Amino acid sequence: MSEAVIEIHNLKKTFRDFWFRPVANAVNGIDLRIERGDVFGLLGPNGSGKSTTIKMILGLLKPTDGTIRLFGEPPQSKNARKRIGYLPELSYLHPFLTAWETLRYYADLSGMSAKEGKRRCDELLEQVGLTYVANRPVGGFSKGMARRVALASSLVSNPELLILDEPTSGLDPIGTREVKEMILDLAKKGVTILMTSHLLGDSEDVCTKLAILSKGKVAAFGNTDELLVKRDDVRFTVPNLSAEESEEISKYISSKFNREVKIDHPRVPLEEFFAATVNPN
Amino acid sequence: MEVCFVRGFRALAHASTMEALSGPLSSVLFLVGVLSVHLSSVFHYHQFGNPLRLPHECGLSALFVFGLLFATSAVFRTVEGELSSGTASVALVRPLSRSLFFCSKVFGVFVALGVFLVGVFSASLLSSITAGIGQVMSMKDGTTRLWPMGVQLGVVSPILSFFLAAACNRFFQMRFCFTSCLMVALSQPVALLIALSCMDMPFASTGIDLLSVVLDFSCVTAAGFVFVAIAGALSVRLKPSYAAGLLVVMTVFSFLINLFETKAPLLAHFFRTFLPDLGKVWMPQDFMTAIFVVGACFCVTVIWLIIGSILIRGKEIL
């Protein structure tokens, strides 16, 4: 078994009002184990407890009950937090700082040396394609550009665990594709990723493991392929088959195995078609 | 570890200072604060019987009224604003303590208030010199009330700085509000130096008691730091409107206590002039009293910083 990056046991969170009366049970006993190198998708409808769980993992909220371990340490541990990068759902940026200053600010907060911080900021701005606006205040950026700055700031400390809350929110299809490629690239380098997304297609494309939360509980958990595979159906994909050949194969399977056969052409994902149309190269 | 601590503190305080000086309200308060000191002498709002008293009182009042308005609004923006907008959550997942976050944010506002102090203190001195030289000249010719060059320098320099900041924004993409705050504040020591170099009489002959000016400004600034620390600590848990309301009640309450204790004609002066006569209410008259006031303010500031640190530690950041 690989090393556990996040271990959550019987996690519960009850929000209370001013008089300590329970208002909402956001999380009702979650158990999760996320291992090194996983791209883990935390999915669920609104109010299912995704963001609350993430904020408890980050130490921003205190659990009512249960335990959380990050790299074997509690979430408040500075050693654990040095190894984390976080991208919130909305790109919370200081509007008066430039893109470069924003990255530098987070590099300083992460305790990076001045020289290393400067090098990393330049590198990340290049990586997210914002070098040309490095000296412009982020308050004037479009939603997509601000998202890129926020993503770069989450990567500034070379995190071992990256927590992404709706990483593709506000991005156009090209930007979405680039972020997904970046996530897969980081996963190849051994970065563990925990992400939430309302766009299930995005999670399906990049996540190796999934957990679906419903009413504060884990409703489904496992490897993406295992969870999504339809074991009752079989699909053959054959290139360049004529109509007659298709008909012949269909008849053969029907007669030989007594099964109903459905023949169609596979569809290109819309995101791929869009990217090919907008940017043919 | 110490290096990380210092770097984190510096980054947070720097961002806090930038934020405090970046709002349009800050630009307006800097300009109005500095101009009010100079214009009070020009329009002669008040007769204290001593022409040097007016610029001194107006400087203190500008620091107290505009400075506190600027600093408390800035601390609400940097502490409560960050906690509610979410920028704090992104910072607090980094390896730094919440106490450090709070203290460095408040320290950043202290620095911004210090910039305002530089502007108003220099403006007050320049205005005092203008009145002092004017008084000496009036004894000779019987007509001059103010030194013309001092008035010109004092009134023109902040306005010119404002337009210069606008030009820097237009041609060099520099941040307008931040640049204008800095330029307006720094224009005053520059104007003061020019005035000092152009004076054709010794400084002593203007009749300005520099030590008294410094002591009074130190006390008002220290009081300002107390307000900033209280506002910062309150804004960790309260909405800005509630925290501001509480601060107003505290201020009025402390003024009323002063009024009853000293029997100072505060209300009468307040209505007769556009700024209160702070000197008659509670300003110290000697060095030791000033040291005591500043020391007491320092202790109260530290206590409120500790309270704020405790409050932010237990806060759940949604």
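Just so we're on the same page: letters track the sequence lines, and every chain starts at 1. None of these values were measured; they are calculated from a predicted model. The analysis underlying the following values was restricted to heavy atoms, covering all of them including side chains, and did not include hydrogens, waters or symmetry mates.
Panel note: side chain A:R81, backbone B:R94; a donor-acceptor pair is recorded below 3.5 Å. Side-chain N or O atoms of B:E316 include one that pairs as donor or acceptor with a backbone N or O of A:K62 at under 3.5 Å.
Near-neighbour residues of residues 110-131 of chain A relative to chain B, defined by a heavy atom under 4.5 Å from a heavy atom of that chain, comprise A:S110, A:G111, A:M112, A:S113, A:A114.
Taking CZ from A:F96 and CG from B:L21, the interatomic distance works out to 10.0 Å, rounded to the nearest 0.5 Å. Put simply, OG on B:S16 and NE2 on A:H94 are 9.0 Å apart, with the number rounded to the nearest 0.5 Å. Rounding to the nearest 0.5 Å gives a distance of 10.0 Å between NE2 of B:H14 and CG of A:D108. Taking CG from A:L109 and CG from B:L100, the interatomic distance works out to 9.0 Å, rounded to the nearest 0.5 Å. Distance check: A:K82 NZ to B:L96 CG gives 11.0 Å after rounding to the nearest 0.5 Å. For the atom pair CG (B:L92) and OH (A:Y86), the distance works out to 11.0 Å, reported to the nearest 0.5 Å.
Only one option out of A:I84, A:I163, A:L60 pairs with B:V93 in a side chain to side chain contact (heavy atoms under 4.5 Å, CB included); it is A:L60.
Both the backbone and the side chain of A:T98 come within contact range of chain B, each with at least one heavy atom under 4.5 Å from a heavy atom of that chain. If you measure heavy-atom distances from B:S89 to chain A, the contacts under 4.5 Å come from both the backbone and the side chain. Proximity to chain B is limited to the backbone of A:L93, based on heavy atoms less than 4.5 angstrom apart.
Listed by first and then second residue, the salt bridge (Lys or Arg N to Asp or Glu O under 4.0 Å) pairs that reach into residues 171-183 of chain B are A:E101-B:R175, sequence neighbours excluded.
Atom CZ of B:F107 has 12 or fewer neighbouring heavy atoms from other residues, nucleotides or ligands inside a 6.0 Å radius. For A:K217, the NZ atom sits in a loose shell: 12 or fewer heavy atoms of surrounding residues, nucleotides or ligands are nearer than 6.0 Å. Enclosure of atom CZ in A:R16 by more than 12 non-hydrogen atoms of other residues, nucleotides or ligands within 6.0 angstrom is indicated.
With respect to chain A, the highest number of heavy-atom pairs below 4.5 Å among B:S22, B:S85, B:S97, B:G314 belongs to B:S85. Between chain A and the options B:A11, B:G86, B:A15, heavy-atom pairs under 4.5 Å are most frequent for B:G86. Of the residues considered (B:R98, B:Q173, B:E19), B:E19 shows the highest number of contacts with chain A, using heavy-atom pairs under 4.5 Å.
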